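All heavy atoms count here, side chains included; hydrogens, waters and symmetry mates do not. The model shown is predicted, which means the values in this text are computed figures rather than measured ones.
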Amino acid sequence: MLSYYPRRLFLNLYRQIISIHSIKSLENIQIRHLNLTDQTKRKILLRINTALNENENETNTDSHTSNIACLNNELILSERMIKFPFHYRCILEQQLSICQDRWVTANEWKQLYDIVGETTKPLFASITMLICVQLKHIERGRSLFQFIQQNHPDLLTSTATTYSTYMNLLALDFFISSGKKHEQDYSPYEDELCEIYQKFVKDKKPVIIASAAALGIIKGLCVTHLWREAYTYLPFVNDDDQLQAIRDLILAALHNNDIDAAIKLLQNLKTPPPSDSAAATMSSTLTDIIRDIFRNLDENNKNAYEFIEHLFHYLSTLDYFIEKSATDEIQTFFDKLVPNIYGYGTTLVYPSGACKQLPGFNLSNGELTDDDFNFLRNYLMENAYTEKEVFNTTTPAEFERFKVLLARNKFTMIVDGLNILYGIDRFATDPVTSMIKTINFLKNLHVSKSQMLFIARKHVLSRIPFDIQKDLRSICEIFLVDNTSRDDWFVIYAALHSKAYVLTSDILRKERGIANKYTPAKNAEVNDKLQKWLYRYQYMFIRQGNRVYFKQPMAYKLRAQYTQNVWFIPYFNKKPVSLAQRPDNWFFLYNISDNKKAASAVKLKSKPQTIIIKQ
């Protein structure tokens, strides 16, 4: 797609459909389903620029958008396109993404450097090196570093970004490669990395280093025999980058068979706060970490299992889960053990917590105690009656009326009315159909009227005919909060007060402080207990296409856990997209000599098959 503005020109040829839009003529040309070679793409770029230049030159004779081919025609540019750093980075990333990695000559780099804008020149080295890292163009990055050293050495000393990014580039993919010998093999670029470290980093007076720069230095050192010196730069890494930095150090420790150091690093890992927007990212990050750890863990190290236990204990503190590729790597690791003294495989778990492939084994009970319920109720009350929350949560008079209703009935099911109405159909445009579908859905729960409470705002029934309202009232009690009140708060309070189940697809983003990744959990204990309560008491409402259903609450604790001398690790078959998703598969591991019961309960295969739970 081509987007053209007075000061900006972006080209994107990733998609099968290429749209070219001219603002002046308001014409749109589409080229559909083309199998484009690199050469064809460059020709299209050249033609587009030429057409735009001709169009603009009709009205502006001073235009400086003439085409310039750089890097042996890999880049088709105009001076305007690379006048500013942001434009230069976008153009470089998009156009080089269709090119192969190669060694670029000094003359080619010089030509590109000469035509970039004056505001871009000071950042030329760091921006270009960053693109090389993103595209994994190692040879291109090496040639760039040589050019900068010989022709513009001031760009290396003015900021730590360039050489730290270069160290990052040279360390790419070392820990995912196979065939490495522990304590012997290091990066093929080890000499180059050590030279950069000695010349630009080590002898410098300790100063505050940006987190991104510290991360690159750590990554580069970890693939050399100087890996222990990476500890020096951990204090400069911020909380967002801590997981990645310690991951690299753990992998370096494992590669050098220093299990004690790897365990200490694991113990210093912080538990990331829950974030709905980061759920998929964290799942992928954890998966990559676990997969790389078992690729680099020496199966012949007598202390390997001790490290694995510490690793699983860390997983038991998280509300995020790994994916299948990680458990595959774990199984591959244990397959290599000779003699193999461990039992392992996968199992499905019933809502009661019973393990199908391990008869007689149950996951840890997830029931909340009375103290847990009291803690959460007190938290809700504090949340409702602070000075800023009193009017948008509820009012004292409304809350008193609500307590009278709760005291009069013993509810076992609380329905989040608005959540279900909007989830089951288009309530905003067709409220009647949504209400009818909701009523039919609630009837299938087979809960008596006196035990089911439907909570929503007052406007919900304003567009519903009386006969349909009557049908709803015949199957449940109804409490309508003011349109300015937070109905979610009433749903949670009613469920906690009555110790009842709740039907909703909500995961309490506001109450848990996880509206996005920039709002951390308000309180670790609050989040832990609310998550535990959701797993145990929530009927998770789900809509997939025209199909609506719910997942039953789980009587067990949905976290990695060690119970009855067996480790159980939950994992996803597919990448999750939100915290609302729950893994259906469990990997188990135990020491055969310590657990005769598990060994006799299941007949293990040499290559256990994954069991997928059907809804």
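- Thr232 meets the side-chain contact (heavy atoms from CB on, under 4.5 Å) test with no other residue; sequence neighbours excluded.
- Considering only residues two or more places apart in sequence or on other chains, Thr120 meets the side chain to side chain donor-acceptor pair (under 3.5 Å) condition with none of them.
- Partners of Tyr305 according to the ring-ring contact (aromatic ring centres under 6.0 Å, His included) rule, which considers only residues two or more places apart in sequence or in another chain, are Tyr342.
- Considering only residues two or more places apart in sequence or on other chains, Phe333 meets the ring-ring contact (aromatic ring centres under 6.0 Å, His included) condition with Phe294.
- Proximity of a side-chain donor or acceptor of His310 to a complementary backbone N or O of Glu306 within less than 3.5 Å is detected.
- A donor-acceptor pair under 3.5 Å is formed between the side chain of Arg543 and the backbone N or O of Gly545.
- Pairs passing the salt bridge (Lys or Arg N to Asp or Glu O under 4.0 Å) check and including a residue from residues 183-199, sequence neighbours excluded, read Arg142-Glu192.
- Under the 3.5 Å distance criterion, the side-chain polar atoms of Ser211 are matched with a main-chain donor or acceptor of Asn238.
- Side chain to side chain, Asn256 and Tyr186 meet the donor-acceptor criterion of an N or O pair below 3.5 Å.
- Every residue two or more places apart in sequence or in another chain that forms a side-chain contact (heavy atoms from CB on, under 4.5 Å) with Gln544 is listed here: Ile542, Arg547, Tyr549.
- Partners of Ser177 according to the side-chain contact (heavy atoms from CB on, under 4.5 Å) rule, which considers only residues two or more places apart in sequence or in another chain, are Lys180.
- In summary, the side chains of Ser316 and Arg559 do not present any donor paired with an acceptor at a separation below 3.5 Å, with no hydrogens or angles considered.
- For the salt bridge (Lys or Arg N to Asp or Glu O under 4.0 Å) condition, the pairs that include at least one residue of residues 233-251, sequence neighbours left out, are Lys219-Asp248, Asp239-Lys270, Arg247-Asp292.
- Put simply, the side chain of Ser283 gets close to the backbone of Phe321: a donor and an acceptor are under 3.5 Å apart.
- Using modelled atom types, one side-chain atom of Asp258 and one backbone atom of Ala261 make a donor-acceptor pair closer than 3.5 Å.
- For Tyr422, there are no side chain to side chain donor-acceptor pair (under 3.5 Å) partners at least two apart in sequence or on another chain.
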Identify each donor-acceptor pair in which a side-chain atom of residues 125-138 lies under 3.5 Å from a protein atom, sequence neighbours left out, and give them as a table.
unit_1 : atom_1 : unit_2 : atom_2 : d
Ser126 : OG     : Leu123 : O      : 3.2
Thr128 : OG1    : Tyr88  : OH     : 2.8
Thr128 : OG1    : Phe124 : O      : 2.6
Lys136 : NZ     : Asp173 : OD1    : 3.2
His137 : ND1    : Arg140 : NE     : 3.0
His137 : NE2    : Cys99  : O      : 3.4

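- With sequence neighbours excluded, the residues satisfying side-chain contact (heavy atoms from CB on, under 4.5 Å) with Ala252 are Phe175, Cys222, Trp227.
- Not counting sequence neighbours, the partners of Asp114 by the side chain to side chain donor-acceptor pair (under 3.5 Å) test are Lys110.
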